[in-house]
2 protein chains.
Amino acid sequence: MNRSKVTIKDVALEAGVSVATVSRLVNGTSIVSAATAAKIQETIQKLGYEPNLMARNLRKKETRVILIVCPNVTNPYYAHILAGITEASYQQGFSAVMYTTNCDPERELEGIQMLYKGRVDGAILMDGLRDHQVFYNAASRFPIVQCSEYVDTEIAPAVCIDNYQASRDMMAHLLGLGHTKIALISSNNDYVSTKIRTQAYKDSLLEAGLPVDPEYIKLGSSDYSFQSGRACALELLQSENPPSAIFCISDTFAFGSIIAAKELGITIPEELSISGFDDVEYTTMHHPFITTIAQPCYELGRTSAQMLFERLEKHSAETGLVYLDHQLVVRESTAKKKTYLTHQDTDLMVNNYSKEKK
Amino acid sequence: MNRSKVTIKDVALEAGVSVATVSRLVNGTSIVSAATAAKIQETIQKLGYEPNLMARNLRKKETRVILIVCPNVTNPYYAHILAGITEASYQQGFSAVMYTTNCDPERELEGIQMLYKGRVDGAILMDGLRDHQVFYNAASRFPIVQCSEYVDTEIAPAVCIDNYQASRDMMAHLLGLGHTKIALISSNNDYVSTKIRTQAYKDSLLEAGLPVDPEYIKLGSSDYSFQSGRACALELLQSENPPSAIFCISDTFAFGSIIAAKELGITIPEELSISGFDDVEYTTMHHPFITTIAQPCYELGRTSAQMLFERLEKHSAETGLVYLDHQLVVRESTAKKKTYLTHQDTDLMVNNYSKEKK
DNA sequence: CTGAAAGCGCTAACAT
DNA sequence: ATGTTAGCGCTTTCAG
């Protein structure tokens, strides 16, 4: 294994020109006479010369590499964003180094260090750093764009969907279907998206004159595990006063809920409506297909990358929130609230009715 | 945004020592007196010094970065391998740059170039390069390990499961259940794994004295799409002489087949057995849970990375195939061939019986 | 249009 | 134990 050897000097020597000329040709920095250009090209081919990027980077103080910090790759949501980022990077002639953090603050820090060590020119953060100071320090010195999650949008831009409006849309759909007993399966992580979706759920209920019942709010695992969604739904469905609809802040929770309902012999959507969030691929792999909010993951990734390149190359310094369009996708897991009523239902509707009229 | 500035020189000046001493302390290359060490540490803290990796890399001619070349990240199979690689890299103090190729030869080449350009020390290939010459050139000069797919295992090691044995195991399971009409849903890609699984299917049939019927072999899309699996199954199931079992070389094909069977009112596993391959997470998200071959994806990734580090740090040059254990996971999608028979079945069994006895 | 030469920030002899 | 110095391979003034 004889590692890369031929340098610009070798080419210059062989072609009978100076290294400067070779450099100029390779980089297109300034014009080179046709004759020498040809000779240099030829020797580059002959010798199999490839410029050493480390040397170039050191000299130019730029790497053309970006850093991607993300919680994990196995979550399809992140995987699709990643795909968008790598595609945009490829097109822009950048490479991407990946740091998966599992939301561990120590790893988040270690990832961010790449910026200080000069290994990358900028970063895309899909992980809302636990240690905010780390974020503030880094974002004030280096080009950073936040994707999906964010710490602060004033100091570095963030690209995501309008989680509040999306959640309101879904709740409007559920409410419009006549549901009044709508439960929420949220998460015990501290993502801004989680907080916003939860808030929108509450606001929607309140605006509709419905009570926010703490019994109707369950918290799944921080990584949105399918099993924790199932457990939450089981609790909800086996309670004294089960909901007729469940608003899940993640598709995986919706999945778990569907399984739970099946186990309990509850039919969907006839007896129970369930909605998801994100629209990852497996929402349409089995019936009932899940009603959900579609996020443009790939575009989220692409846009984040493009904004970072903008910052890098044009020294743009715009900050703030950039919303990409979401979409309410109505499929098979939600339907009109059943019209034949149990005694319990009747009682509650009377209660709610009076509230709505207040 | 004032990019990283403070250099080793600044630290040396401030601490009143030479750059060499600072370097020695930072790298632990040789011993430094407690007193000066303390003073240097202090100024490093004060100035917020971080060694510039580009300069270090240039000087040491090593980057401590590895390259990951993979077809795409959104496929959970690759995503899990990736997770294993990044974890091992983190532990070894390496970074990983990612190149997704979508199996495009041009991109495969561009990814490999990183080796020649000195941006990375070695590479893990999860994409069996279309242009074999590119592989041979690169593998003869740089440390490379192949994961899952491979071009040649003599020139660079490969880590994967024993696809032949795994497929034989699955076929033995199906055959043991009494199935004689076993179809195959393979893929039209040119992966070695595909070829090997297909061969094992044929060998198993032949050894059992069963014919290899070309009508029973369908080719799904190269990227194992769910929909193409469904289409293949539909063809198989609606034919004159439908199979009683389908051996799918991918879980997604098995998925599509289950959907197809449901659409046709065929019950699983009573009327039809279906087996998958890989054991990606969604094999147990819906009933029937899929009988499949579990691949240790995460371990595949970890092991590949470790082998690469071995090559990098200990200059080991072992090649050859490294098999990790697979597992036949019997779940709900396969069962004994039904015992009540149609006329057609009876006819065929007689035929097969005579063959088996030959 | 081309060449000479000065570094980019760091490590590793080679001295002391 | 510490300092001096020579590059790593490249880009980029500055001259010509």
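From a predicted model like this one, the values you see are computed outputs, not experimental measurements. Protein chains get the first letters and strands the later ones, always in sequence-line order, with residue 1 at the start of each. Only heavy atoms go into these numbers, but all of them, side chains included; no hydrogens, no water, no symmetry mates.
Under a 3.5 Å cut-off, the side chain of Q146(B) and the backbone N or O of V151(B) do form a donor-acceptor pair. Side-chain atoms of N27(A) never come within 3.5 Å of backbone atoms of T29(A) as a donor-acceptor pair (strictly under, hydrogens ignored). Checking side-chain atoms of H80(A) against main-chain N and O of P76(A) turns up a donor-acceptor pair under 3.5 Å. No side-chain donor-acceptor contact under 3.5 Å links T194(A) to the backbone of D190(A). Side-chain atoms of D121(B) come within 3.5 Å of backbone atoms of R64(B) as a donor-acceptor pair (strictly under, hydrogens ignored).
Here the C1' atom of nucleotide dC10(D) and the CZ atom of R119(B) are 13 Å apart, to the nearest Å. Taking atom NZ of K5(B) as the reference point, atom C1' of dC8(C) lies 12 Å away to the nearest angstrom. When the P atom of dG9(D) is taken as reference, atom CG of L13(A) falls 14 Å away, rounded to whole Å. Rounded to whole Å, the distance from NZ on K61(B) to P on dG7(D) is 13 Å. As rounded to whole Å, 10 Å separates atom P of dC10(D) from atom CD1 of I44(A). Rounded to whole angstrom, the span from the CD atom of E62(B) across to the C1' atom of dT11(C) amounts to 11 Å. Note: CG (N57(A)) to P (dC10(C)) measures 15 Å, nearest angstrom. Distance M54(A) CE to dG9(C) C1': 14 Å, rounded to the nearest Å.
For dG9(C), neither phosphate oxygen OP1 nor OP2 lies less than 4.0 angstrom from any side-chain nitrogen or oxygen of T7(B). For the pair S30(B) and dA1(D), the criterion of a side-chain N or O lying under 4.0 Å from OP1 or OP2 is not met.
Comparing dC10(D), dT2(D), dC8(D) by their closest approach to the side chain of N52(A) singles out dC10(D). The listed nucleotides are dG9(C), dT2(D), dA4(C); the one nearest the side chain of S33(B) is dT2(D).
By the side-chain hydrogen bond (donor to acceptor under 3.5 Å, both in side chains) test, E87(A) pairs with R107(B), sequence neighbours left out.
When side chains are defined from C-beta on, I81(A) counts as touching M126(A), because their heavy atoms get closer than 4.5 Å.
End-to-end axis angle of the helix from dC1(C)-dG16(D) to dT16(C)-dA1(D), using five pairs per end and rounding to 10°, comes to 40°.
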Heavy-atom contacts, protein to nucleotides 11-16 of chain D, under 4.0 Å, summarised as B (base), S (sugar-phosphate only) or - (none) per nt, yield BB----
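Under 4.0 Å is where a charged nitrogen must lie from a carboxylate oxygen, and between E14(A) and K46(A) at least one such pair does.
Between Y99(B) and Y90(A), the ring center distance fails the sub-6.0 Å criterion.
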